[in-house]
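Below, chains carry the letters A, B, ... as their sequence lines are ordered, and counting in each starts from 1. It should be emphasised that the depicted structure is a prediction, and the values quoted were computed from it without experimental measurement.
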There are 2 protein chains.
Amino acid sequence: MPEPSPDLLFKALADPSRRALFERLCQHGEQTVGALTAGAGISQPAVSKHLGILKRAGLVQGRGAGRQTHYSAQQRALAPLVDWTGRMNRFWEARFDDLENLLKRMDQ
Amino acid sequence: MPEPSPDLLFKALADPSRRALFERLCQHGEQTVGALTAGAGISQPAVSKHLGILKRAGLVQGRGAGRQTHYSAQQRALAPLVDWTGRMNRFWEARFDDLENLLKRMDQ
DNA sequence: GACATTCATAACCATCTGGTTATGAGATAG
DNA sequence: CTATCTCATAACCAGATGGTTATGAATGTC
């Protein structure tokens, strides 16, 4: 399974219902579709569709057990997001350093 | 200026064109709308609309100067995103600790 | 075997979204 | 003053998105 594109990640997390599902799985661990539907405020098919999207983004994993499917969070999948924010900050710091150097040079 | 909701943040970053604009501003600092449009592959009005959305999410700031507007990144706005990922990971670690504790207790 | 439960998929629909072109307001140049 | 340049906004459109109900496949229960 190749690392899913960051675009899928951002898109998956852009929807509040999906974030709520993911948060819940992060907090309370493995849950069946039924359990997730109970607290979601949307229909079971909607939940299934959201779980499908989270899965394609690598954020979630499904384990079939009898007639129910247990889903769990895969927080490793958040790594690209952390990398990205880190990269943005490093860009900024780099520019800040440049400014600092410039000022130092101007000081002389 | 109240901290914009995390939902606006996620939504703003969900679009590749907007991420590209933000990344560019992070890397190369302040840019005019014209300069941004040049490398964006979309029309100027599209760029303006995206900048508007980034602005409402707090990710970007516009400085009017004559007939052009200079935009710059506000990477502080990424803080809620970092917080969120951190929170998800802490949830996970907490559950991991619980499991560890359980195993320890079972050992006795 | 007959029935019930759990989930995924299909079909559908209203709304949102990301793009376009057209236009206009404000600033600068001649 | 007129013409030009830069950007924002309006109006519009095709396609994506998030929800719904209906259905069916697989599993478990009696």
Figure out the [atom1]/[atom2] separation between [X] and [N], and round it to whole Å.
X        : N       : atom1 : atom2 : answer
Lys11(B) : dT15(C) : NZ    : P     : 16 Å
Gln44(A) : dT6(C)  : CD    : P     : 10 Å
Ile53(A) : dT17(D) : CD1   : C1'   : 8 Å
Tyr71(B) : dA8(D)  : OH    : C1'   : 8 Å
Arg56(B) : dT9(D)  : CZ    : P     : 12 Å
Lys49(B) : dC13(D) : NZ    : P     : 14 Å
Phe10(A) : dG18(C) : CZ    : P     : 15 Å
Arg63(B) : dA27(C) : CZ    : C1'   : 15 Å

Polar side-chain contact Gln68(B)-dA27(C) base: donor and acceptor under 3.5 Å:
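Side chain to base: no pair present.
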Under 3.5 Å, is there an N or O donor on one side and an acceptor on the other linking the side chain of Arg67(B) and the base of dC5(D)?
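For Arg67(B), whose side chain was compared with the base of dC5(D), there is a donor-acceptor pair (under 3.5 Å).
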Residues Asp15(A) and Arg19(A) bridged, charged N to O under 4.0 Å:
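Salt bridge: no.
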State plainly whether the residues Asp7(A) and Lys11(A) are in salt-bridge range, i.e. N to O under 4.0 Å.
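Lys11(A) and Asp7(A): salt-bridged.
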Please tell me if [X] has a side-chain N or O lying less than 4.0 Å from either OP1 or OP2 of [N].
X        : N       : value
Thr32(B) : dT6(D)  : no
Arg18(B) : dG18(C) : yes
Thr69(B) : dA8(D)  : yes
Thr37(B) : dC7(D)  : no

Closest-nucleotide 5' rank along DNA chain D - winner of Ala65(A) and Ser43(A)
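Here Ser43(A) is the residue nearer the 5' end.
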Residue from Leu8(B), Leu9(B), Thr85(B) passing side-chain contact (heavy atoms from CB on, under 4.5 Å) with Pro80(B)
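Result: among Leu8(B), Leu9(B), Thr85(B), Leu9(B) is the only option passing the side-chain contact (heavy atoms from CB on, under 4.5 Å) with Pro80(B).
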Mark yes or no for whether Arg18(A), through its side chain, and His50(A), through its backbone, hold a donor-acceptor pair below 3.5 Å.
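Between the backbone of His50(A) and the side chain of Arg18(A) there is no qualifying donor-acceptor contact (under 3.5 Å).
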Looking only at the side chain of His50(A) (C-beta and beyond, no hydrogens), which of the listed nucleotides dC7(C), dA22(C), dG18(D) gets closest?
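Selected nucleotide (nearest to the side chain): dG18(D).
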Among dC7(D), dA22(C), dA22(D), which nucleotide sits nearest the side chain of Pro45(B)?
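Shortest atom-to-atom distance from the side chain points to dA22(C).
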Got Phe91(A) and Arg87(A) here, is their nearest side-chain heavy-atom distance under 4.5 Å?
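They are in side-chain contact.
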